[in-house]
Number of protein chains: 2
Amino acid sequence: MDEPLGAGPTRHASDRGRYGQLSRERVLASALELVDREGLGALSMRRLGGELGVEAMALYRYASSKDALLDGLVEALHLELEERLAAEPGGPAADAAPAWRSGLHRVARTMYDVCLTHPQAVPLLATRMLAVPLARRPAAVLRHHERVLALLAEAGFDEADASAAFRAFTAWLLGYVSVELQPMVDNPEESDPAFRLGLHRIPPQALPRLRRTAPALAERGGAEGLTAGLDALLDRFTAHDRTAR
Amino acid sequence: MDEPLGAGPTRHASDRGRYGQLSRERVLASALELVDREGLGALSMRRLGGELGVEAMALYRYASSKDALLDGLVEALHLELEERLAAEPGGPAADAAPAWRSGLHRVARTMYDVCLTHPQAVPLLATRMLAVPLARRPAAVLRHHERVLALLAEAGFDEADASAAFRAFTAWLLGYVSVELQPMVDNPEESDPAFRLGLHRIPPQALPRLRRTAPALAERGGAEGLTAGLDALLDRFTAHDRTAR
DNA sequence: AGGACAGCGGATACAATGTAAATATACGCG
DNA sequence: CGCGTATATTTACATTGTATCCGCTGTCCT
């Protein structure tokens with residue numbers, strides 16, 4: 001850590017090509033990897049710099065602040081969403097559902113999968129993303145919004161209903177992944193689901209239902225639970241002048 | 001930063017009865033007030049100490065860490081929920097809905113109101129609260145869970161369905177308040193809703209639906225939107241062996 | 001070729017934060 | 001009164017985000 005000789009601050013950065021190696025993609029990918037591995041709390045500029053073999057301040061060329069970096073992670077998640085959607089094209093639905101509905105299912109399920117891959121990053125979706133005013137959200141997020149709106153338009157919603165359905169879609173999706181994926185993060189190595197919730201040491205007589213239901217609460221609803229609830233919500237909006245379904 | 005005179009570190013804390021004034025309630029109330037006024041980012045131990053006329057370290061007697069303090073805020077929100085539920089007793093529902101259903105409506109609506117009063121604290125619900133394992137959550141939160149489970153049991157759900165319905169209830173409630181209340185925080189003084197989203201400077205031809213729908217997206221669904229969606233979700237779980245709706 | 005130049009990364013510095021440890025103070029009880 | 005315990009303060013430190021300035025690297029122009 002000390003500078004033994006050489007009064008001038010020389011000879012440092014010439015140790016090979018640590019020059020053009022950084023890029024926004026590399027920074028964000030490395031940040032996401034770090035968050036996946038050690039959680040959001042481990043993401044600091046110096047730490048991330050260390051991962052990339054670079055000084056902390058170098059990162060500021062690719063994200064103008066830490067908040068901007070977090071927004072970048074939100075963007076990265078949506079880019080991964082787009083990749084996955086493009087990978088599995090999901091042609092005309094096998095089941096009898098209309099195209100717009102299975103389209104929304106596919107978007108929701110894919111987002112669920114993305115979040116399952118990066119559970120530690122989920123809080124960013126529920127907070128940072130919503131905190132950013134619509135127009136300033138990363139392009140990938142806006143494209144995602146646009147895709148959902150297009151599917152809703154395809155369903156024949158007028159503007160008001162589409163807007164309501166859009167908000168319901170977003171709320172349900174974010175709420176669902178938050179509730180479902182966040183608990184998995186904290187005691188990850190504990191396989192017994194009942195124990196993972198720590199239901200031991202709930203006072204025995206107090207809160208009887210909670211105590212009884214706790215094991216079942218540790219179950220996951222999975223992507224099926226997501227799409228099932230989504231259908232329920234969507235039906236509510238389609239059922240304006242016709243009967244549900 | 002220097003000590004001009006008086007070698008001994010005396011004469012400081014004798015300036016009147018700043019002694020037994022602190023309490024957990026006062027600390028949490030002051031913290032919540034500060035968050036309401038200036039946002040979560042303004043909540044630091046020193047700042048909060050300042051609000052209470054006390055040094056930062058004094059707070060550690062009432063919250064063992066900053067995270068514990070944030071959990072305390074989650075608790076405070078749920079205490080306020082309980083107060084409000086107790087205040088308006090909400091006897092037998094005026095409408096024809098069964099008691100359990102209007103009970104759930106009331107809980108959801110009241111929580112919505114609480115969040116409306118403290119929009120800056122909403123992110124804590126969606127992150128801190130879910131991150132804490134079930135059994136370690138504050139007592140008020142557990143009582144809230146118990147109440148919801150009791151209402152679901154009253155509805156005749158078996159354990160598995162009650163658990164699924166409980167998760168859906170929580171996910172929808174948290175997602176809804178997050179989506180609905182969080183944007184309101186950042187540009188609070190902007191009354192025109194379209195402008196609040198900053199839909200200006202969306203590229204004109206790109207994202208046409210988003211651009212067209214943006215004004216409608218700025219609308220709020222209000223508590224009605226919350227309960228409507230809740231009904232849709234609950235119906236999905238009641239409709240096991242009977243036809244939907 | 002040489003030399004300006006723009007962009008990249010490093011070095012240093014600073015203020016703000018959470019918090020551990022030791023210390024001083026106030027209150028209540030014998 | 002004095003003693004003990006709960007309460008608050010002081011001091012200190014490591015960690016964080018980030019402003020600023022500087023040297024280095026590669027490119028392009030003449």
Side-chain angles (χ1 to χ4, degrees), chain A residues 1-28 30-31 34-35 38-73 124 128, chain B residues 1-28 30-31 34-35 38-73 124 128:
Chain A
M1 206 53 88
D2 46 357
E3 195 100 306
L5 54 87
T10 20
R11 89 86 182 69
H12 25 279
S14 62
D15 28 346
R16 210 153 329 96
R18 48 174 21 25
Y19 196 68
Q21 311 199 31
L22 244 42
S23 72
R24 182 166 168 88
E25 289 74 33
R26 253 175 71 69
V27 168
L28 291 181
S30 199
L34 175 57
V35 168
E38 308 192 25
L40 271 175
L43 178 61
S44 79
M45 302 306 265
R46 286 179 239 261
R47 185 87 164 69
L48 178 56
E51 299 276 318
L52 289 159
V54 123
E55 223 59 28
M57 292 308 295
L59 303 172
Y60 281 79
R61 191 136 341 233
Y62 305 95
S64 57
S65 71
K66 177 158 188 196
D67 280 347
L69 194 156
L70 294 177
D71 293 343
L73 287 185
L124 295 178
R128 209 100 243 321
Chain B
M1 207 53 90
D2 45 358
E3 194 98 309
L5 55 88
T10 19
R11 86 83 181 74
H12 23 281
S14 63
D15 28 347
R16 208 157 329 98
R18 49 174 23 26
Y19 196 70
Q21 312 199 32
L22 245 40
S23 72
R24 182 169 168 89
E25 289 74 36
R26 251 175 72 69
V27 167
L28 290 181
S30 197
L34 175 58
V35 168
E38 309 191 26
L40 271 175
L43 178 61
S44 78
M45 302 305 264
R46 286 178 238 261
R47 187 87 164 66
L48 179 55
E51 298 276 317
L52 289 158
V54 124
E55 224 58 30
M57 291 308 295
L59 304 171
Y60 281 80
R61 186 141 345 236
Y62 305 96
S64 57
S65 71
K66 179 163 188 194
D67 280 348
L69 194 156
L70 295 177
D71 293 344
L73 286 185
L124 294 179
R128 207 102 249 315

Compare the minimum distances between each of [options] and the side chain of [X], then state the nucleotide with the smallest one.
X	options	result
B:K66	C:dT19, C:dG9, D:dG17	C:dT19
B:M57	C:dG9, D:dT16, C:dA20	C:dA20
A:A58	C:dG9, D:dT16, D:dA12	C:dG9

What is the distance, to the nearest angstrom, from the [atom1] atom on [X] to the [atom2] atom on [N]?
X	N	atom1	atom2	result
A:L59	D:dG17	CG	C1'	12 Å
A:L70	D:dT18	CG	P	10 Å
B:R61	C:dA24	CZ	C1'	13 Å
B:Y60	D:dT10	OH	P	17 Å
B:L22	D:dT7	CG	C1'	9 Å
B:Q21	C:dT25	CD	C1'	14 Å
A:L43	D:dG17	CG	P	8 Å
A:R24	C:dC8	CZ	P	14 Å

Is there a donor-acceptor contact under 3.5 Å from the side chain of A:R46 to the main chain of A:A56?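 It does not hold such a pair.
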Donor-acceptor check, side chain of A:R128 to backbone of A:D71, threshold 3.5 angstrom: yes or no?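 Between the backbone of A:D71 and the side chain of A:R128 there is no qualifying donor-acceptor contact (under 3.5 Å).
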From CG (B:L52) to CG (B:L22), nearest 0.5 Å: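 The distance works out to 5.5 Å.
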Side-chain N or O of A:Y62 less than 4.0 angstrom from OP1 or OP2 on C:dG9?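 Yes, such a contact exists.
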What's the shortest heavy-atom distance between A:L59 and A:G49, and which atoms?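 Between these two residues, the closest heavy atoms are CD1-N, 3.7 Å.
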